[in-house]
Asker: 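Take this structure first; my questions come after.
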Amino acid sequence: MKTIIEPFKIKSVEPIRFTTKEERKIILQKAGYNPFLIKADDVIIDLLTDSGTSAMSANQWAGIMQGDESYAGSNSFYRFEAAVRKITGMKFIIPTHQGRAAEKILFSVKGGAGKYIPSNTHFDTTRANIEFTGAEAVDLLNEIGKIPEVRANFKGNMDVDQLESFIREKGAENIPLCMITITNNSGGGQPVSMKNIREVKAVCSKYSIPLYIDACRFAENAYFIKLREPGYENKPILEIAQEMFSYADGVTMSAKKDALVNIGGFLAMNDEETAMKSRNLLIVTEGFPTYGGLAGRDLEAIAIGLEEILEEPYLHYRIRSVEYLGEKLLKAGVPIIEPPGGHAIYIDAKRFLPDVPPDQYPGQSIVCSLFLEGGIRSVEIGSVMFGRYDENGKFIPPDMELVRLAIPRRVYTQSHIDYVSEVVIESFKNRHALKGYKIVYEAPMLRHFTVKFEPID
Ligand SMILES: *Cc1c(COP(=O)(O)O)cnc(C)c1O
């Protein structure tokens, strides 16, 4: 087997500014030990997110020049609409400035007090948008998806039996829609099988509940289905994607992931009444229905990105490069979610730092260490992001304490990834010196973006 190379050449480069460990110590302290508050210029390798960080292709940049900036009925909208429809088959396609804008509109229409929205795992903005309307966001992930060290093909699957008992318990009339996130970002970027999507749809249909797909990483999910699910090994990615969406009644998507662009998203559905209500809200908050908070050029770039993402050499390189990082870490004994997901490696902070309890944020401690050791920016997905307090103010940690190393699309080369593995392994070797953190400031919602910490002595 020869090395799987990046299926692109580099035409335009962005310099990386190097810092010393001493400098990074000060940078980190000034940022309240929160990587979201560090200046990008102070970061050597930025693995904070794969969202909106993709390198666009020469073709997409050319598309930017072709963007039609007409207020209404722009050519670029029709290209965008055709690209989304080709993949999802949805009747009504509504552009939004990003994924959470689609969520905000969808749940303003469908949510509300007394309602429940089940999912395999809701992403943080999805959960926040549901809860903001007074509805309850419920995660019904398959048991195996909650065990980081167990290898399985489709750890993003929803628990279908639990879904059915949940519907019976709460009443179908209180469940305006069911969601499934592909791949399951918050649960480790793990894929969902076609079989599971089909079964979830069957349960939803039985109770006349629409199924919405959170499609941020649909192409990565489709590629995993091709690799791992019998019967799909010879199918083109487009066909697999089309089958996935054939079971859905609606879609939300952040184009900042698998549409290979820096901004954008959409909401799509087959139900006309929901579409009408959504478009009315769109006009108030985002813009006219043929641009929805985006420039014509953005719509053009999304349309092209949605074609490029389905190319198999790209997906092969993409999934393999994440797996390559995973293999290096595992070989050195670093505990990660297995098998590696599509867009990121998730370090299991509970096993990495067993002596730091959840209320001292073991994930945050690793995040700080990776920045100090090598200028790598990562993000905690654990008690900082999803920890809650009960009525008595008692801290309730989530199931998992993770650190995500998200890999931007088409941005870093193999030597960058080698460097990342060296820094993580170095931190792992020094793990006994890592301390817990305490929160000194937090916002009432989505606190991880602005929270500030201090190290515990
Ligand atoms: C990124 C993401 C969102 C939200 O999209 P934004 O464009 O960041 O608003 C929703 N769901 C999932 C699974 C995501 O990864």
Side-chain angles (χ1 to χ4, degrees), residues 36 47-54 80 84 88 94-108 111 117-132 137 139 141 145 155-158 177-192 197 211-222 224 244-245 248 250-268 282 285-286 292-294 298-299 301-302 305-306 309 318 322 341-346 379 381 385-386 402 404-409 445-446 448-449:
F36 282 102
L47 306 184
L48 182 68
T49 176
D50 64 321
S51 178
T53 52
S54 299
F80 158 84
V84 174
T88 67
I94 301 170
T96 58
H97 80 276
Q98 53 184 95
R100 71 196 68 184
E103 293 163 355
K104 166 80 182 159
I105 291 169
L106 177 63
F107 296 113
S108 298
I117 316 284
S119 177
N120 46 349
T121 312
H122 288 287
F123 183 63
D124 58 351
T125 61
T126 322
R127 172 173 287 279
N129 274 303
I130 291 168
E131 291 175 350
F132 189 75
D139 296 338
L141 186 65
K155 291 175 77 177
N157 283 356
M158 193 161 179
L177 63 93
C178 173
M179 282 202 108
I180 194 153
T181 312
I182 61 171
T183 57
N184 187 23
N185 185 357
S186 305
Q190 299 292 322
V192 177
I197 300 174
L211 175 63
Y212 274 65
I213 291 183
D214 178 338
C216 294
R217 298 176 183 80
F218 76 95
E220 289 169 7
N221 200 85
F224 277 120
M244 295 188 316
F245 290 113
V251 180
T252 59
M253 177 158 174
S254 168
K256 300 171 74 171
K257 288 53 175 268
D258 270 359
L260 294 166
V261 293
N262 308 119
I263 196 73
F266 63 83
L267 171 61
L282 184 86
T285 58
E286 293 279 292
L294 294 170
D298 298 324
L299 295 168
I302 294 171
L306 285 174
I309 199 76
R318 169 75 178 158
V322 175
H343 66 292
I345 292 295
Y346 291 73
V379 67
I381 299 190
M385 197 181 268
F386 291 121
L402 305 173
R404 186 181 71 180
L405 307 171
I407 315 295
R409 295 172 181 77
M445 284 183 103
L446 295 175
H448 53 283
F449 290 127

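Since the model is a prediction, treat every value here as computed from it, not as a measurement. One-based numbering, in listed order, for ligands and for the atoms of each.
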Asker: What's the shortest distance from atom 4 (C) of ligand 1 to any protein heavy atom, and which residue and atom give it?
Answerer: Thr125 OG1, 3.4 Å
Asker: Using distance alone, determine whether Thr181 and ligand 1 share an N or O pair under 3.5 Å.
Answerer: no
Asker: Indicate whether the side chain of Asn184 and that of Arg217 have a donor and an acceptor atom separated by less than 3.5 Å.
Answerer: no
Asker: If we only consider heavy atoms of Cys216, is any one of them less than 4.0 Å away from an atom in ligand 1?
Answerer: yes
Asker: Who pairs with Asp298 by side chain to side chain contact (heavy atoms under 4.5 Å, CB included), at least two apart in sequence or on another chain?
Answerer: Ile263, Leu294, Ala295
Asker: Output yes when Glu220 and Arg409 qualify as a salt bridge under the 4.0 Å nitrogen-oxygen rule, no when they do not.
Answerer: yes
Asker: Looking at ligand 1, does any of its N/O atoms fall within less than 3.5 Å of an N/O of Arg217?
Answerer: yes
Asker: To check your reading of the model: name the closest protein heavy atom to atom 11 (N) of ligand 1, its residue, and the distance in Å.
Answerer: Asp214 OD2, 2.7 Å
Asker: Would you check the N or O atoms of Lys256, main chain and side chain alike, for any that come under 3.5 Å of an N or O of ligand 1?
Answerer: no
Asker: So, for Ile309 and Ala219, which heavy atoms are closest and what is the spacing to 0.1 Å?
Answerer: CG1-CB, 3.5 Å
Asker: Does any donor atom in the side chain of Asp124 or His448 lie under 3.5 Å from an acceptor atom in the other side chain?
Answerer: yes
Asker: Give me the nearest non-hydrogen protein atom to atom 10 (C) of ligand 1 as residue plus atom name, then the distance to 0.1 Å.
Answerer: Glu103 OE2, 3.1 Å
Asker: How about CZ on Phe449, more than 12 heavy atoms from neighbouring residues, nucleotides or ligands closer than 6.0 Å, or not?
Answerer: yes
Asker: Have a look at ligand 1 and work out which part of Arg100, if any, has a heavy atom under 4.0 Å from it: side chain, backbone, both or neither.
Answerer: both
Asker: Provide, to 0.1 Å, the distance between atom 5 (O) of ligand 1 and the closest protein heavy atom, together with that atom's residue and name.
Answerer: Ser254 CB, 3.2 Å
Asker: Has ligand 1 got any nitrogen or oxygen that is less than 3.5 angstrom from a nitrogen or oxygen of Thr183?
Answerer: no
Asker: Tell me, which protein residue and heavy-atom name are nearest atom 6 (P) of ligand 1, and how many Å apart are they?
Answerer: Gln98 NE2, 3.3 Å
Asker: Please determine if Lys257 and Asp50 form a salt bridge, counting it only when a charged side-chain N lies under 4.0 Å from a carboxylate O.
Answerer: no
Asker: Looking only at protein heavy atoms, which one is nearest to atom 1 (C) of ligand 1, and how far off is it?
Answerer: Lys257 NZ, 1.4 Å
Asker: Who passes ring-ring contact (aromatic ring centres under 6.0 Å, His included) against Phe218, sequence neighbours left out?
Answerer: Phe245
